[in-house]
Visitor: 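Before I ask anything, here is the structure I am working with.
What's counted below: heavy atoms across the whole structure, side chains too, no hydrogens, waters or symmetry copies. Sequential numbering from 1 along the given sequence is applied to the chain's residues.
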Amino acid sequence: MPGSRPPAFRSPGAQAPRRARKRTEGGASSNVFSMFDQSQIQEFKEAFTIMDQNRDGFIDKEDLRDTFAALGRINVKNEELEAMVKEAPGPINFTVFLTMFGEKLKGTDPEETILHAFKVFDTEGKGVIKADFIKEKLMTQADRFSEEEIKQMFAAFPPDVCGNLDYRNLCYVITHGEEKD
């Protein structure tokens with residue numbers, strides 16, 4: 001149309017379209033790529049690519065089922081997969097995937113807070129807690145862990161030969177995403 005300009009060339013006083021205004025006012029869709037450094041974005045991209053089993057640019061239920069199968073978990077319930085996919089506001093492309101991780105990570109407590117919670121049980125200050133003791137506490141106190149959640153935790157962070165859990169390493173991985181060297 002004569003006289004109309006593409007949105008990028010709107011005069012400074014012109015308002016953004018309604019959908020764009022709504023997104024920026026809520027702050028939820030501010031540039032998700034600014035939340036992570038380039039190496040983190042690359043790691044997320046690699047994870048996304050691994051999960052996008054059919055390589056269509058989206059993660060769906062079948063991609064999740066195939067990813068679980070590749071990790072050795074064959075009998076994933078359909079309801080579980082549907083619940084995962086429903087966490088997204090729409091089809092899960094890489095930007096949505098990154099946004100979902102950003103939202104999950106935003107709620108993570110700082111490392112010192114998590115360490116302090118474990119130190120309460122480490123009266124000798126050794127950096128370890130008896131695995132049986134922490135299991136009992138996690139299953140009976142506050143936001144109780146299920147048996148499955150305990151199994152997952154100990155699979156990811158197995159106790160040492162003496163039955164101790166290295167909670168310092170656990171806290172580091174929770175907050176930084178990888179084990180210390």
Visitor: Please report the closest heavy-atom contact between Gly102 and Phe36, naming both atoms and the distance.
Guide: CA-CZ, 3.7 Å
Visitor: For the CZ atom of Arg55 and the CG atom of Asp63, what is their distance to the nearest 0.5 Å?
Guide: 8.5 Å
Visitor: If you take all heavy atoms of Asp122 and Val128, which pair is closest and at what distance?
Guide: OD1-O, 3.6 Å
Visitor: I'd like to know if Glu124 pairs up with Lys126 as an ion pair, taking the criterion as any Lys NZ or Arg NE/NH1/NH2 lying under 4.0 Å from an Asp or Glu carboxylate oxygen.
Guide: yes
Visitor: Locate the shortest heavy-atom distance separating Ala88 from Met100; write the atom from each residue and the value.
Guide: CB-SD, 3.6 Å
Visitor: CG of Leu64 to CD1 of Ile92: how many Å apart, nearest 0.5 Å?
Guide: 6.5 Å
Visitor: Any sub-3.5 Å donor-acceptor pair from Lys130's side-chain atoms to Cys162's backbone N or O?
Guide: yes
Visitor: Taking atom CG of Asp66 and atom CG of Asp60, what is their separation to the nearest 0.5 Å?
Guide: 8.5 Å
Visitor: Check Ala47 against Phe97 and note the closest heavy-atom contact, atom names and distance.
Guide: CB-CZ, 4.4 Å
Visitor: After noting the C-alpha distance and the side-chain angles of Leu138 and Ile150, does the key distance pass the side-chain contact (heavy atoms from CB on, under 4.5 Å) rule?
Guide: CA-CA 8 Å; Leu138 290 171; Ile150 294 292; 3.9 Å; yes
Visitor: Determine yes or no for a side-chain-to-main-chain donor-acceptor pair under 3.5 angstrom, with Asp52 supplying the side chain and Thr49 the backbone.
Guide: no
Visitor: May I ask you to check whether Phe44 and Phe48 place their ring centres under 6.0 Å from each other?
Guide: no
Visitor: Can you confirm whether Phe154 sits close enough to Leu165 that some side-chain heavy atom of one is under 4.5 Å from a side-chain heavy atom of the other?
Guide: yes
Visitor: Mind checking whether Pro91 and Val96 have side chains closer than 4.5 Å, heavy atoms only?
Guide: no
Visitor: Rounded to the nearest 0.5 Å, what separation is found between the CE atom of Met84 and the NZ atom of Lys61?
Guide: 12.0 Å
Visitor: Drop me the distance from Glu46's CD to Glu43's CD, to the nearest 0.5 angstrom.
Guide: 7.0 Å
Visitor: Look at atom CG of Asp132 and say whether more than 12 heavy atoms of other residues, nucleotides or ligands are closer to it than 6.0 Å.
Guide: no
Visitor: Would you check if the side chain of Arg144 reaches a backbone N or O of Thr140 as a donor-acceptor pair within less than 3.5 Å?
Guide: yes
Visitor: Going only through I, L, V, M, F, W and Y residues with side-chain contacts under 4.5 Å, is there a path from Met51 to Phe68?
Guide: yes
Visitor: Answer yes or no: is there a side-chain heavy-atom contact under 4.5 Å between Ile129 and Lys137?
Guide: no
Visitor: Run Arg168 and Phe118 through side-chain contact (heavy atoms from CB on, under 4.5 Å) and show every step you take.
Guide: CA-CA 8 Å; Arg168 289 181 182 156; Phe118 279 105; over 6 Å; no
Visitor: Closest approach of Glu147 and Met139, non-hydrogen atoms and distance?
Guide: OE1-CE, 3.3 Å
Visitor: Cluster question for you: counting only ILVMFWY and a side-chain heavy-atom cut-off of under 4.5 Å, with indirect links fine, are Met153 and Phe133 together?
Guide: yes
Visitor: Out of curiosity, Ile134 CD1 to Asn164 CG, how far, rounded to the nearest 0.5 Å?
Guide: 12.0 Å
Visitor: Strictly distance-based, threshold 3.5 Å: is any side-chain N or O of Glu149 a donor or acceptor partner for the main-chain N or O of Ser146?
Guide: yes
Visitor: If you compare all heavy atoms of Arg65 against all heavy atoms of Val76, which two are closest, and at what distance to 0.1 Å?
Guide: NH1-O, 3.3 Å
